[in-house]
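Reminder, nothing fancy here: chain letters follow the sequence lines and each chain counts from 1.
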There are 2 protein chains.
Amino acid sequence: MELTSTEENYLKAIYHLSDGGKKSVSTNDIAAEMKTKAASVSDMLRKLGEKEVIEYRKYYGLQITESGKRFALQTIRKHRLWEVFLVEKLNFAWDEVHEVAEQLEHIHSPLLVQRLDAYLNYPKFDPHGDPIPDEFGDVRARPRVQLNEMDVDQTGQIVAVKDSSAAFLRYLDKVGAYIGARIKVLDKVEFDGSLEILVDQKKTLFMSKDVSCNILVLQS
Amino acid sequence: MELTSTEENYLKAIYHLSDGGKKSVSTNDIAAEMKTKAASVSDMLRKLGEKEVIEYRKYYGLQITESGKRFALQTIRKHRLWEVFLVEKLNFAWDEVHEVAEQLEHIHSPLLVQRLDAYLNYPKFDPHGDPIPDEFGDVRARPRVQLNEMDVDQTGQIVAVKDSSAAFLRYLDKVGAYIGARIKVLDKVEFDGSLEILVDQKKTLFMSKDVSCNILVLQS
DNA sequence: AAATATATTTAGCTATATCTAAATTAATTT
DNA sequence: AAATTAATTTAGATATAGCTAAATATATTT
């Protein structure tokens with residue numbers, strides 16, 4: 001069975017919102033995420049239920065099925081592999097890749113995915129630090145904490161961001177807080193939760209809590 | 001203005017069937033090429049007319065406009081660049097690329113096309129020997145003849161094929177008549193038009209007229 | 001427990017892209 | 001020039017994906 005691009009996008013949203021099937025998701029949540037209306041979501045849920053990628057009981061809620069998880073992970077895998085390709089091979093900035101990867105992820109060709117993966121040397125993480133599921137859907141997540149939860153003097157490496165809007169990514173690029181940067185918390189202001197950070201042992205940086213809670217760090 | 005994938009496909013078909021706007025094309029020709037019905041084509045022609053990529057007078061015929069040519073060439077450019085990518089970077093065989101390129105050509109991102117072009121080192125021809133239009137739509141075609149039109153003792157290089165069905169391409173691969181192969185006509189049988197060919201100065205090959213008239217050669 | 005508020009679904013509409021069958025126009029025969 | 005044939009278009013369906021407005025079910029107050 002094949003899914004349309006729209007169905008793939010809904011399923012991906014459901015997968016993310018439910019945190020991989022753990023949490024429950026409401027029709028309204030999906031509508032907000034997909035920037036559409038609840039009525040349209042209801043229609044789509046019925047269809048996804050018929051295709052058995054979710055289990056759907058109206059007014060009750062939904063549950064992503066094993067089959068649905070495989071489809072979602074396959075789409076996520078393709079999205080992230082293309083992001084690696086765009087950044088590493090075509091020199092895209094990491095804040096320019098999302099929109100294009102959003103289109104490329106819907107290309108249907110198992111051979112293409114397999115060859116792209118090999119060409120990129122089987123990457124485990126995308127340019128935002130998010131893990132790339134392997135062909136069986138297995139994910140090796142790195143344990144990571146939000147930057148704002150770290151204490152003074154603790155160190156680590158930026159491995160991912162929560163907000164991947166172009167505006168946020170541009171800001172990070174500007175201040176030099178890229179994925180892979182080694183950081184140390186120099187000071188923490190109790191009043192507003194803002195931080196003073198040392199980046200790559202040379203540059204100090206002041207950061208609001210709004211920013212720091214969107215940065216994920218692998219502690220060391 | 002943006003075209004849908006379907007509109008892009010129709011326009012590409014019209015461009016090819018009209019030989020770049022030179023010949024006239026009928027509704028039925030388009031229907032055959034697009035594997036659809038004449039009624040659907042009529043609908044689409046009206047729409048393409050409204051978008052001013054063709055000039056359409058019903059029952060009379062159509063004419064591709066300058067704007068339409070630009071759109072068609074842009075799609076052809078993307079298709080052929082992706083084919084180069086698939087063959088050169090992802091090790092696809094030249095008979096495996098078409099279907100995937102058919103999907104990839106509809107990705108909308110001027111930056112992507114520009115970067116891909118640079119990454120591939122501004123190729124002028126695709127793996128089947130067809131010219132790749134530049135970003136302004138300019139094409140540098142190579143003068144070429146059908147293999148069956150060559151005389152005994154003439155030499156040249158295979159630069160393109162007319163029939164690019166998977167079956168034909170597989171056959172060529174098997175007998176070693178790849179794009180770029182240097183050939184010499186050793187003998188020509190008047191009776192059935194079949195040929196004896198020397199490939200790369202070592203391998204001789206017998207070839208029916210049906211095959212040879214689908215192979216294009218740059219004479220030397 | 002009834003009333004109110006919120007969430008969700010259904011009904012009915014729009015637009016795209018397809019189809020078949022009928023109608024119309026153009027081209028060809030006789 | 002009339003009749004026939006072929007090509008093309010229109011009319012009226014279907015399916016997807018979206019919308020608004022109305023209806024219905026669930027949740028929360030009072």
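Checked by atom type, the side-chain pair A/His106/A/Asn9 shows a donor-acceptor distance below 3.5 Å.
What separates CZ of B/Arg46 from P of C/dT18 is a distance of 13 Å, to the nearest Å. The distance from atom CG of B/Asn9 to atom C1' of C/dT16 is 15 Å, rounded to the nearest whole Å. For B/Leu3 and C/dT16, the CG to P distance is 13 Å, given to the nearest whole Å.
A/Lys69 has a carboxylate O that lies under 4.0 Å from a charged side-chain N of A/Glu66, or vice versa, which qualifies the two as a salt bridge. A salt bridge links A/Arg46 to A/Glu50: one of the charged nitrogens lies within less than 4.0 Å of a carboxylate oxygen. Electrostatic pairing of B/Lys37 and B/Asp43 does not count as a salt bridge here, judged by no charged N lying under 4.0 Å from a carboxylate O. In summary, B/Glu8 and B/Lys12 do not engage in a salt bridge, as defined by a charged side-chain N under 4.0 Å from a carboxylate O.
Across residues 21-45 of chain A, A/Ser26, A/Thr27, A/Asn28, A/Ala38, A/Ala39, A/Ser42 each have a non-hydrogen atom less than 4.0 Å from an atom of DNA chain C (numbered order). Near-neighbour residues of DNA chain D inside residues 51-59 of chain A, defined by a heavy atom below 4.0 Å, number-ordered: A/Tyr59.
Counting heavy-atom neighbours within 6.0 Å of A/Lys188 NZ, excluding the residue itself, gives a total above 12. Few gaps surround CD on B/Glu149; more than 12 heavy atoms of other groups in view lie less than 6.0 Å from it.
Side-chain nitrogen and oxygen atoms of B/Tyr60 include none within less than 4.0 Å of the OP1 or OP2 phosphate oxygen of D/dA7.
Taking the ring axis of A/Phe85 as reference, the NZ or CZ atom of B/Lys89 does not stay both within 45° of it and closer than 6.0 Å to the ring centre.
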